[in-house]
Amino acid sequence: MVLASTAQKQLPGARVVRAKAAVSWSGGKDCNLALLRCLDREDIDTVALVCFHPPSPTFRAHPLKLQRLQAEALSLQYVMVEVNAARHEGDFKRAYVEAIKSLKSNFGIDMIVTGDIDYVGSS
């Protein structure tokens, strides 16, 4: 699980700055654990579940409709972000980076939390 921390030691009485986080969401057990750990952190403001998807997504294991309902039940925003390597000369990693940048520019997300057991975008 990748969970970056922006927390710094706080002086007594100092205001805690909370990073805005989106949890990379498939609806499975790994991202659920990542979400729970994220929600337990006082220095993280979990604001969205994000589904990175290819063009024309169809997920059989965890349907998109179910993911949307999970976000709604948690009172979190559900964001779908397309990762389309064809728009980046076949470069999947570049497409993924651009998708992540769009979260920052469109939603003010400071970090992405993921339940992946490997680095996102590794081969």
Side-chain angles (χ1 to χ4, degrees):
M1 174 182 332
V2 178
L3 183 60
S5 176
T6 58
Q8 298 177 0
K9 291 187 178 184
Q10 300 289 324
L11 298 174
R15 191 177 130 230
V16 175
V17 177
R18 299 180 74 197
K20 286 179 70 174
V23 177
S24 180
W25 195 254
S26 68
K29 64 186 180 310
D30 297 330
C31 63
N32 270 281
L33 178 59
L35 172 64
L36 287 173
R37 290 196 175 162
C38 193
L39 292 173
D40 284 342
R41 300 273 300 260
E42 291 183 18
D43 59 333
I44 298 174
D45 181 18
T46 306
V47 298
L49 302 182
V50 62
C51 174
F52 294 99
H53 66 85
S56 305
T58 55
F59 300 127
R60 292 187 177 123
H62 306 286
L64 297 174
K65 181 179 179 181
L66 180 59
Q67 291 180 30
R68 186 172 284 107
L69 290 170
Q70 289 170 321
E72 185 179 309
L74 293 164
S75 299
L76 294 173
Q77 186 172 11
Y78 181 69
V79 180
M80 291 186 63
V81 179
E82 183 178 88
V83 178
N84 188 343
R87 291 187 187 150
H88 300 280
E89 297 154 4
D91 187 340
F92 178 77
K93 187 176 269 187
R94 191 168 136 218
Y96 211 101
V97 167
E98 292 304 316
I100 292 169
K101 285 181 180 179
S102 76
L103 289 173
K104 175 75 172 171
S105 62
N106 295 330
F107 301 99
I109 300 299
D110 298 309
M111 70 168 55
I112 296 175
V113 178
T114 175
D116 290 334
I117 60 172
D118 199 357
Y119 294 110
V120 174
S122 64
S123 26

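Everything numeric in this text was worked out from a predicted model, so none of it was measured.
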Table please: side-chain donor-acceptor pairs of residues 78-88 below 3.5 Å, with sequence neighbours left out.
{"unit_1": "Y78", "atom_1": "OH", "unit_2": "Q67", "atom_2": "OE1", "d": "2.9"}
{"unit_1": "E82", "atom_1": "OE1", "unit_2": "R87", "atom_2": "NH1", "d": "3.0"}
{"unit_1": "E82", "atom_1": "OE1", "unit_2": "R87", "atom_2": "NH2", "d": "3.0"}
{"unit_1": "N84", "atom_1": "OD1", "unit_2": "A86", "atom_2": "N", "d": "3.0"}

Inter-residue atom distance [X].[atom1] - [Y].[atom2], 0.5 Å rounding:
{"X": "L49", "Y": "S24", "atom1": "CG", "atom2": "OG", "value": "9.5 Å"}
{"X": "Q70", "Y": "S26", "atom1": "CD", "atom2": "OG", "value": "8.5 Å"}
{"X": "T114", "Y": "L35", "atom1": "OG1", "atom2": "CG", "value": "12.0 Å"}
{"X": "I112", "Y": "I100", "atom1": "CD1", "atom2": "CD1", "value": "4.0 Å"}
{"X": "K65", "Y": "L69", "atom1": "NZ", "atom2": "CG", "value": "6.5 Å"}

Original post:
Should T46 and V113 be marked as a side chain to side chain contact (heavy atoms under 4.5 Å, CB included) after you check the CA-CA gap, both sets of side-chain angles, and the distance that decides it?
Top reply: CA-CA 9 Å; T46 306; V113 178; over 6 Å; no
Subject >> Min side-chain heavy-atom separation R37-L33 under 4.5 Å >> reply: yes
**OP:** Locate the shortest heavy-atom distance separating G27 from N32; write the atom from each residue and the value.
**Re:** O-ND2, 3.4 Å
Original post:
For the residue pair D45 and R18, what are the closest heavy atoms and their distance?
Top reply: CA-NH2, 3.7 Å
Original post:
Does a salt bridge link R41 with D43, judged by any charged N lying under 4.0 Å from a carboxylate O?
Top reply: yes
**OP:** Output yes when a side-chain donor or acceptor of K20 lies under 3.5 Å from a complementary backbone atom of I44, and no otherwise.
**Re:** no
**OP:** Apply the test side chain to side chain contact (heavy atoms under 4.5 Å, CB included) to residues W25 and L76: give CA-CA distance (whole Å), side-chain angles for both, the deciding distance (0.1 Å), then the verdict.
**Re:** CA-CA 12 Å; W25 195 254; L76 294 173; over 6 Å; no
Subject >> Single-linkage hydrophobic cluster, 4.5 Å side-chain cutoff, L36 and V50 together >> reply: no
**OP:** Determine, stepwise, if the pair K101 / V97 fulfils side chain to side chain contact (heavy atoms under 4.5 Å, CB included).
**Re:** CA-CA 6 Å; K101 285 181 180 179; V97 167; 3.8 Å; yes
**OP:** Sequence neighbours left out, what pairs pass salt bridge (charged side-chain N to carboxylate O under 4.0 Å, His left out) with at least one residue falling in residues 68-79?
**Re:** none
